Amino acid sequence: MQSEIKQKEAQKADWKTVLVFVSIAFSSQCGGGFASGSTPWTYFFRNTGFYGMLPVVTQPYFCLFMPFVVAAINCFIIYFFMKFAMDFKVFDYSSFLLKYGSRFCGGIFARPMQVVYELNFNWLLIVCMALAYSTSGSALSELTGIPYLITTLIVGAMMFLLCMKGVDLVRKNAVFMSAVIFFALILVHVPNILYNVGAGKLSAEMAAMTNEMNTAVASGAGSFIKYLLIAVIWAYIFSGQNLAGFGAYVNHTQLFDNKKTLRWAVILSVIANWAFLAMNVINLASNYSAVYDGWANGKAVYTILVVQEGIGSGALKTVMLTFLTIAIFFATISTAINYAQGFNDRILNWYQDKIKEDPKTSAAKRNKRGAVLTFIYICITWGVSQAGLTSLVSKGLTLASYITLFTLIIPTILNVVIGWKDGGN
């Protein structure tokens, strides 16, 4: 009887762990590109193709439904690969991928998956940091009129100082920063959704987008099915770039001690990210014409246009823009600090292992070496950021999502089809 009671208690959801994971998942997915509106615009409205592999089409007709497709993909993939990590007790991406790939085709893909993911992760370390500069730099440039080159230099200098002096401060306040991002985006998006729906802006822009789609189909540019399939592919690509850093999720699996907690954590984190993505998309759709003009004229922070075209007087818009800028900056900081620290740790650990250096000597030299590496990393990623926010989103992150198809999406589907015994915790 007592053992049954203990077993039931062990299967209760740990809501503290659920909230911690939801916070981590929200802050990791709601980065600068998300908060600025650049990522959803690029994937759901005006994709720019991908090196000739996908046609360049306008697909706004399906924009309101694509966040749900993203949520469905994320929920399925995240739950099953984290469940796999729990069942087989593989909590680092290297051993996880070797085990993941060993269960089909005689394991011939296990090592290639590991190598490809390693290359992909290093690519992400560069692109996501560059995207962080580009987002804050674009926002600052559009609000102040200062040239993009100068604003990204300012942001780069701030990032270097934070990486040197403020890592512990940022990490200790990660939950606070997530909360600020959460409430700032609520303040911006919810009033504007109510305004845009109530004033008829959403219905008017949707009618214009529907007419644009029908005209393109009638002219022979493509069929309805073609547009639908391409929209679904871009929804997957959005999901794929969310999942590209799944190595961190594998590590976070150690937070959980039962599957019920894991299920609630994944479901609620996916719902939270879906809700904010859907709010972002609704407001972009409601201001489609203005955002399109901004996109055509080189602007990259589309939520600024949402606020400028939205509810309220000048004073209210100023408050909203202030909170939006804070949200983008906090999202940028959390992304930049984590990636810079990850870059340093990976290089230093590899170097120290290669030269077989005494741990005490390594510890004594770590700060100095870290400063040099951070400076090099800042310079490289600043250079990449000059490609511009839209290019970084449409090309850089899209490449990562294609690679994720090989390292995570297809292997997850194969493992679910094969099935595995539910492991003890």
Side-chain angles (χ1 to χ4, degrees), residues 24 27-28 30-33 35 92-94 117-141 148-174 176-178 181 244-245 247-248 251 326 328-389 392-393 396-397 400:
I24 291 171
S27 61
S28 64
C30 187
D92 66 273
Y93 73 83
S94 182
Y117 180 73
E118 186 75 27
L119 293 172
N120 190 38
F121 192 78
N122 283 296
W123 169 244
L124 279 175
L125 285 175
I126 294 173
V127 173
C128 289
M129 186 69 162
L131 185 63
Y133 298 147
S134 188
T135 305
S136 286
S138 295
L140 190 60
S141 178
Y148 175 79
L149 180 70
I150 303 301
T151 59
T152 50
L153 272 175
I154 294 170
V155 172
M158 292 175 65
M159 292 304 169
F160 179 75
L161 292 175
L162 285 169
C163 288
M164 289 295 92
K165 303 295 183 181
V167 173
D168 290 338
L169 178 66
V170 171
R171 287 182 169 178
K172 288 177 182 178
N173 291 280
F176 168 75
M177 291 171 65
S178 294
I181 296 168
N251 183 260
I326 291 171
I328 291 173
F329 186 66
F330 275 15
T332 300
I333 288 175
S334 59
T335 300
I337 294 294
N338 288 333
Y339 275 101
Q341 196 66 25
F343 176 84
N344 285 356
D345 288 344
R346 290 163 70 79
I347 297 295
L348 289 175
N349 291 340
W350 168 81
Y351 177 74
Q352 289 157 14
D353 182 65
K354 183 179 180 180
I355 65 174
K356 308 297 182 185
E357 190 174 52
D358 178 70
K360 290 183 179 179
T361 303
S362 296
K365 296 181 178 180
R366 196 171 184 89
N367 287 341
K368 185 176 180 180
R369 289 171 176 172
V372 174
L373 278 175
T374 299
F375 181 75
I376 294 171
Y377 181 54
I378 293 285
C379 290
I380 292 172
T381 52
W382 178 83
V384 174
S385 73
Q386 299 312 300
L389 183 56
L392 287 169
V393 170
L397 291 183

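A quick note: this is a predicted structure, and the numbers were derived from the prediction, not measured.
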Asks: For Gly137 and Val155, work out which heavy atoms get closest and say how close.
Replies: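 So the minimum-distance heavy-atom pair works out to N-CG2, 4.1 Å.
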
Asks: If I take atom CD from residue Gln386 and atom OH from residue Tyr148, how far apart are they, to the nearest 0.5 angstrom?
Replies: 5.5 Å

Asks: Let me confirm one number: the CD1-OH distance from Ile126 to Tyr377, rounded to the nearest 0.5 Å.
Replies: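 If I round to the nearest 0.5 Å, the distance is 7.0 Å.
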
Asks: With salt bridge (charged side-chain N to carboxylate O under 4.0 Å, His left out) as the rule and sequence neighbours excluded, what pairs involving residues 369-378 come up?
Replies: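 For residues 369-378, and leaving out neighbouring residues, the salt bridge (charged side-chain N to carboxylate O under 4.0 Å, His left out) pairs sorted by first residue read Glu357-Arg369.
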
Asks: Do side-chain atoms of Thr381 reach the backbone of Ala130 as a donor and acceptor pair under 3.5 angstrom?
Replies: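 Side chain of Thr381 to backbone of Ala130, a donor-acceptor pair under 3.5 Å: no, none is there.
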
Asks: Restricting to side-chain contact (heavy atoms from CB on, under 4.5 Å), what partner residues turn up for Asp92, sequence neighbours left out?
Replies: Ser94, Ser95

Asks: Closest approach of Ala400 and Leu124, non-hydrogen atoms and distance?
Replies: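 Ala400 and Leu124 have their closest heavy atoms at CB-CD2, 3.8 Å.
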
Asks: If you round to the nearest 0.5 Å, how far is OG1 of Thr152 from CH2 of Trp382?
Replies: 5.5 Å

Asks: With sequence neighbours excluded, tell me which residues meet side-chain contact (heavy atoms from CB on, under 4.5 Å) with Thr374.
Replies: Phe160, Cys163, Met164, Asn344, Ile378

